[in-house]
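Input: a single structure, listed below in structure tokens.
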Amino acid sequence: LEAAVNPPAVHINYNNFPAKLWRLINNPQNDSVFWSPDGESVIVDQQRFEDELLSPLKQDAKLFKTTNFTSFIRQLNLYGFRKVCDRSFKDRRRNLHHFHNPVFRQGRPELLVHMKRLTISNKAKMEAGEQVTCRHILKVT
Amino acid sequence: LEAAVNPPAVHINYNNFPAKLWRLINNPQNDSVFWSPDGESVIVDQQRFEDELLSPLKQDAKLFKTTNFTSFIRQLNLYGFRKVCDRSFKDRRRNLHHFHNPVFRQGRPELLVHMKRLTISNKAKMEAGEQVTCRHILKVT
Amino acid sequence: LEAAVNPPAVHINYNNFPAKLWRLINNPQNDSVFWSPDGESVIVDQQRFEDELLSPLKQDAKLFKTTNFTSFIRQLNLYGFRKVCDRSFKDRRRNLHHFHNPVFRQGRPELLVHMKRLTISNKAKMEAGEQVTCRHILKVT
DNA sequence: AGCGTTCTAGAATATTCGAAG
DNA sequence: CCTTCGAATATTCTAGAACGC
């Protein structure tokens, strides 16, 4: 309860995928990634995302090195996002992708520390009950 | 605007990495490190860099203690440079590395004071909104 | 040798992927899929392919049911195509994909009957030396 | 049962980072 | 702060799996 009132400061690594996605979705300037109405999942407008964030013409301030939308999808899956098939978000002209991750929720940055990168070796470790090191979480002694 | 015309004198520690890189890239004698055409990023010719700056044969005027190119790359990353994969700079014969840092730009020495050495503790402090002291910046106010 | 002079009539199923790709690449009207200069591999211009063949706006004459380029790539891989990384075909503005399959070559339609759909079960059969049935090949003896 | 489509994951390589000296 | 090394992350290409036809 106390934790809810005074949430511990969360420090996630600025350059890693979870932090980038968190900044993007909470950035009012950005209109290619946004929260679903219930704040429980992520919606990505593929065309805008490609135009504004992946275009090779905008080399400088690029958040991602890739120019392929599929690489972004691979990252989402690696960090535990699963696609939600929601008819109400279908749009004939726009390609809207709807992804859910239980530890990526609007207004809950403290959950981000539970993100795991689901590589084979990490999954094996988790199976065996071992610790998984996650570099996106800053250890602030 | 005034700053652009009369940039304030910049004082960064002569022997630290940012200053060394700044001197190198602006030294017409040097041909292993140079600005990209738009002045927004750094291009390094690995062969020349190794031959002219890292070779143990040139003990005298050696700028760096290391003889490994990878250590130089580690420094670039530590100071916030990220590799840019730009197809147009590919050269079959030369190994050209293209790195970008928003505060390392041609003709903008005043930006150098914003360079941060991205150690874990510095990153955590920055996440928490605290000041980060950098020894490479000489305070001469 | 005689076969090269008088190649046996080849009949592949009109609606299956190999036939569709063959028609596309040999159709002068189409400019999104074409042969590499040596006729040994396939080059796909992603933007044009999406615009002209996958766009949901062109419902009528659509060759494929999908609107996703990735589904097309999945088909290429399923039929044994592998990506070729050829620098000389890089284009900053266009996304050109270069795929190779030893049995898909310009002017050699008779090779198409050797195309296999590499599903798990087909691969297992081939490992065991069994026949693989391919519905895209019309048996017209 | 085979094919097309979709979503997710495996595998390989390139890049970046943490930690120790 | 610099250097080194090993490990985590990012990116790319290919494949597994599930489903509908």
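A note on names: the letters A, B, ... follow the listed sequences, proteins ahead of strands, and every chain is numbered from 1.
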Quick one: Asn122(A) CG to dA10(E) P, roughly how many Å, whole number?
-> 12 Å
NA contact type, Arg135(B), heavy-atom cut-off 4.0 Å: base, sugar-phosphate, or nothing?
-> sugar-phosphate
Which residues satisfy the side-chain contact (heavy atoms from CB on, under 4.5 Å) test with Ser121(C), sequence neighbours excluded?
-> Thr119(C)
Whole angstrom value for the distance that separates P of dC7(D) from CZ of Phe69(A) | 11 Å
With sugar-phosphate meaning primed atoms plus P, OP1 and OP2, does Lys125(C) contact a base, only sugar-phosphate, or nothing at under 4.0 Å between heavy atoms?
-> sugar-phosphate
Would you tabulate the nitrogen or oxygen pairs shorter than 3.5 Å linking the protein to nucleotides 15-17 of chain E?
unit_1  : atom_1 : unit_2    : atom_2 : d
dG16(E) : OP2    : Lys123(C) : NZ     : 2.8
dG16(E) : N7     : Arg74(C)  : NH2    : 2.9
dG16(E) : O6     : Arg74(C)  : NE     : 2.8

Ignoring hydrogens and angles, tell me if any N or O in the side chain of His98(A) forms a donor-acceptor pair with the backbone of Val42(A) under 3.5 Å.
-> no
Check Phe81(A) against Met115(A) and note the closest heavy-atom contact, atom names and distance.
-> CE1-CE, 3.5 Å
Going by an N to O cut-off under 4.0 Å, is there a salt bridge joining Glu127(A) and Lys125(A)?
-> no
Answer with yes or no whether the side chains of Asn68(B) and Thr70(B) bring together a donor and an acceptor at under 3.5 Å.
-> no
Would you mind classifying the nucleic acid contact of Tyr14(A) as base, sugar-phosphate or nothing, using non-hydrogen atoms under 4.0 angstrom?
-> nothing
Have a look at Ser71(C) and say if it touches a base, only the backbone sugar-phosphate, or nothing, with a 4.0 Å heavy-atom cut-off.
-> base
Looking for any heavy atom pair under 4.0 Å, which part of the strands does Phe72(C) touch: base, sugar-phosphate only, or nothing?
-> nothing
Nucleic acid contacts - residues 15-23 of chain A versus DNA chain E, non-hydrogen atoms under 4.0 Å = Asn15(A), Asn16(A), Phe17(A)
Sidechain N-carboxylate O distance under 4.0 Å for Arg48(A), Glu50(A) = no
Could you state the atom-to-atom distance from CG of Leu96(A) to C1' of dC7(D) in whole Å?
-> 17 Å
Taken to the nearest whole Å, NZ/Lys62(A) to C1'/dA10(E) is 13 Å
At under 4.0 Å between heavy atoms, what does Asn13(B) touch on the DNA or RNA strands: base, sugar-phosphate, or nothing?
-> nothing
Arg74(B) NZ/CZ over Phe69(B) ring centroid, <6.0 Å and within 45° of normal = no
Could you give the CD-to-C1' distance, from Gln75(B) to dT4(E), as a whole number of Å?
-> 11 Å
